[in-house]
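Computed from heavy atoms alone, side chains included, the values below leave out hydrogens, waters and symmetry copies.
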Amino acid sequence: MALLCVHVLRGSRLCSLSAHLTRNVQVHKQAGYRVRKTDWSVSSKSSCRNVYFGATPCLSKQSNGGTVCYKSSPKMTFPPQPGPVLIQWGHHFHTSAPVRALPVPLVWIVLKPLQKLFAIILGRSIRKWWVALPDDRRQLMREWAWQRRWRLAAIAGVAMVIVALLLLTHLDESPVTGRTRLLVFSRQNYMELAALTSEAYMEEFAELLVPETDPRHQVVERVVQHLAQRNKDIPEMSEVTWSVHVVQSPNTNAFVLPNGKVFMFTGMLDAVTDLHQLSIVLGHEMAHAILGHSAEQASLSHVVDLLSVVLLTAIWAVCPRDSLALLGQWVQDKLTQFMFNRPYSRKLEAEADQVGLQLAAKACADVRAGPVFWQQMELRDQLSGEPTLPEWLSTHPSHRNRVTQLDRLIPQALELRESCVCPALPATDPRTVFSKSVRVLLENANDQGRVGPGGSLKPLPRSPANLPAALLAQNILPSSPNVEQESKGPVSVTTSDKAVTPPVPAEEQHGEQSTS
C-alpha cells in the first residue's frame, strides 16, 4: 500500500500532501479507524515539529472530498491547532539497537598503561621546565615554597584525608570468612568482564574442548554440581550457574571465572589420584569465584597504581637523566610487586585453600587428601627437574607451606564434615599412607644402587610416569576418550581394581539404597 510519506525537513516543514492517494481512505475505513476529537487540525500545507515518522500508526484527514493518510508514531507531538483527526495507533514501534557499555574493569585495564605514560610525560616536562629556569627564578621558587610550607602541608593533608575517606567508603565484607577488604570494583562489574573473558577463552580453546560425552567431562561435571548442591546455603554459590569445560592440554591448571565458567585442563586430571583430591582442587577454584578474589585483587592493584602515579611523576621530575629515571621506575615496579601485589595474591590463595577445604568438607570429601595432593605436586616438581622459586618471588604459597596450613585446618574441616551428616571416613589416614609410600620409594632407590661409573649418584627419574601408581599418575579417568558411561547416579571411574565414586552424604546414600 502506498501511503503518503511525511518527511521532517531541516526547517521542520512537512512535505506537500498529494491528492492521488484518495483510494487509501476506503482501506483505512474498512480497517476500523477510530475518530478522536482534538484541538488541532492538519491541512495540506502545514508544518509540524518533533514528529517521528516511519511507525505503523496512521493519521487521516478529510480535505476537499479527498482523504489523505500518513504515518505517525505513538509518541509524536504536534502544534496545538483545532480540528478533528482520524487516528489509529499501531502496535509496532521501531527503536535503535541498545549499545552495551564496556565493563569498568576493562576500561581500567585499557587506561592503566596510559596513566603511566601520562606520569612519565608530566614528570619529564616538570624537570625540563625546572632546568630551563634561570638561577634567580629557581631561588625565588624555593623561597616561595618555604614561606608557604605550612599551607602546602595542609593541602597535602586534606588530600590524604579525602583519599582515606574514599577508601573507607569502599570497604566490603568478604563472604564466608567475614574479612574486611577494599572493593573498588563491584561484583556486577566483574560479572560483565567475566562474560567477555569467557567468550575469549571459548574461542581460544574451541578445538581443544573435550566433548560432554567424554567420561572426564562427566566426572568434573558431577563433582562441580555436587559441590554447588552441598554448599547452596552460600548465596554467592547458589546465585551462579556453574558450567564445566574440560580442555585437552598437559598443563596442570584449572580456573573458575566469576560467572561460574569452570575450565579444567586434562593435565590437572592426571595429577589427582582420586575424586577427593579433585573435589578439593575444584573447591579451591570455586572459592576464588564466590569470594570475588579477582575483583578484590584488581581493586588493590588499581589503588596502588593510582598512588604510584604520584611517585612515578616525582621520579621522572627529580632524576637528572632519563636513564636514571628508567632505573628508578624499574625499582618502583619491583617494589610494588614484591611489597603489595604478590604478598596479597598469596594471601588470597591461602584464603581460597581454607574456604575450598570447607566446601569439600560439606560435600563429604575426605579433606585429609588435601595435604597429600600438594605433597604430590611438590614431589612431581622435584622429580621433573622444574626449578622452584622462593615463595616471596611467587604469587602462590609454596607447596610445603600449603601442606602445613591445610594440616592445621584439617581438624576443623573434619568437624564440619561430621556436622553435615557425611559417611564415616576410613581409619587409614591418606597422609600416613603417602609418607610411608615415599619412604619405601627412597629405600628402593637406594637398594638399586644408583651410582654412576665415576662414583656419582644418578638423579631420580625426571618423568612423573616412572613413579609408583600409589604416588602419582594413578589416573582416575579412562585413557581412551571413546569410552562412554551413561548413568543416572554418580559416574564411577576405575582406579586399578577399585571403583571410585564422588562422595555422597549418608542421608543421600540411604535414600539411594531404599530406592533401589
Side-chain angles (χ1 to χ4, degrees), residues 101-171 180-185 189 193 295-348 389-395:
L102 293 176
V104 177
L106 182 60
V107 176
W108 167 74
I109 292 174
V110 174
L111 296 180
K112 184 177 180 179
L114 295 180
Q115 66 184 9
K116 288 188 176 182
L117 180 61
F118 171 77
I120 293 173
I121 295 175
L122 178 61
R124 197 168 183 271
S125 301
I126 293 175
R127 188 217 314 166
K128 289 185 174 297
W129 168 78
W130 179 260
V131 170
L133 285 177
D135 294 339
D136 55 344
R137 293 290 302 275
R138 295 182 195 173
Q139 185 62 28
L140 289 176
M141 293 292 295
R142 293 190 186 98
E143 294 176 358
W144 178 87
W146 177 255
Q147 293 174 357
R148 293 165 176 79
R149 60 186 183 277
W150 298 114
R151 185 180 302 176
L152 296 176
I155 293 175
V158 171
M160 294 178 63
V161 170
I162 293 175
V163 171
L165 291 176
L166 289 176
L167 296 180
L168 290 175
T169 56
H170 286 84
L171 292 181
T180 303
R181 59 182 179 175
L182 177 66
L183 204 63
V184 176
F185 302 113
N189 292 144
L193 181 60
E296 181 178 351
Q297 191 167 9
S299 298
L300 176 71
S301 179
H302 180 59
V303 173
V304 171
D305 287 341
L306 289 179
L307 297 178
S308 299
V309 168
V310 180
L311 181 58
L312 185 60
T313 304
I315 290 175
W316 278 87
V318 173
C319 292
R321 294 191 301 272
D322 290 347
S323 58
L324 293 177
L326 287 173
L327 179 61
Q329 181 181 351
W330 180 83
V331 172
Q332 180 214 358
D333 291 339
K334 295 304 178 183
L335 290 177
T336 302
Q337 291 181 14
F338 296 142
M339 294 179 62
F340 295 100
N341 296 337
R342 296 191 181 184
Y344 201 79
S345 177
R346 292 193 295 268
K347 177 182 178 181
L348 297 183
L389 294 176
E391 183 179 281
W392 63 276
L393 290 176
S394 176
T395 58

Between Leu393 and Arg346 the two heavy atoms that sit nearest each other are N-NH1, 4.4 Å

Minimal heavy-atom distance between Ser308 and Gln332, with the atoms involved, is CB-NE2, 3.0 Å

Value for CH2 (Trp316) from NZ (Lys116), rounded to nearest 0.5 Å, stands at 12.5 Å

Could you check whether any side-chain heavy atom of Leu165 comes within less than 4.5 Å of a side-chain heavy atom of Val161, counting everything from C-beta outward? yes

Item checked: Side-chain heavy atoms of Leu117 within contact of Ile121, under 4.5 Å -> yes

For residues 147-171, the side-chain hydrogen bond (donor to acceptor under 3.5 Å, both in side chains) pairs (sequence neighbours left out) are none

When rounded to the nearest 0.5 Å, the distance separating CG of Leu300 from CG of Asn341 is 6.5 Å

When rounded to the nearest 0.5 Å, the distance separating CD1 of Ile120 from CD1 of Ile315 is 10.0 Å

Exercise for the section: Could you tell me whether the side chain of Asp322 reaches within less than 4.5 Å of the side chain of Arg127, counting heavy atoms only? Expected result: yes

Residues Leu312 and Ala119: closest non-hydrogen pair is CD2-CB, 3.9 Å

Between Phe185 and His302, what is the ring plane arrangement, given parallel below 30°, perpendicular above 60°, and tilted in between?
tilted

Min side-chain heavy-atom separation Leu306-Gln115 under 4.5 Å
yes

On a heavy-atom basis, the closest approach of Leu167 and Leu182 is O-CD1, 3.6 Å

(message) Looking at Arg321, I'd like to know if its CZ atom is crowded, meaning that more than 12 non-hydrogen atoms belonging to other residues, nucleotides or ligands lie closer than 6.0 Å.
(response) no

Just by distance, do the side chain of Ser299 and the backbone of Leu183 share a donor-acceptor pair under 3.5 Å? no

Applying side-chain contact (heavy atoms from CB on, under 4.5 Å) to Leu348 and not counting sequence neighbours gives Arg179, His293, Glu296, Gln297, Tyr344, Glu351

Interatomic distance, CG@Leu311 vs CG@Leu335, rounded to 0.5 Å, equals 9.0 Å

| message | Counting only heavy atoms not in Phe118 (residues, nucleotides, ligands), do more than 12 fall under 6.0 Å from its CZ? | response | no

Open item on the list: Tell me if the CZ atom of Arg137 is crowded by more than 12 foreign heavy atoms within 6.0 Å.
Closed with: no

Residues Trp392 and Phe338: closest non-hydrogen pair is O-CD2, 4.0 Å

Minimal heavy-atom distance between Trp129 and Met141, with the atoms involved, is CH2-CE, 3.9 Å

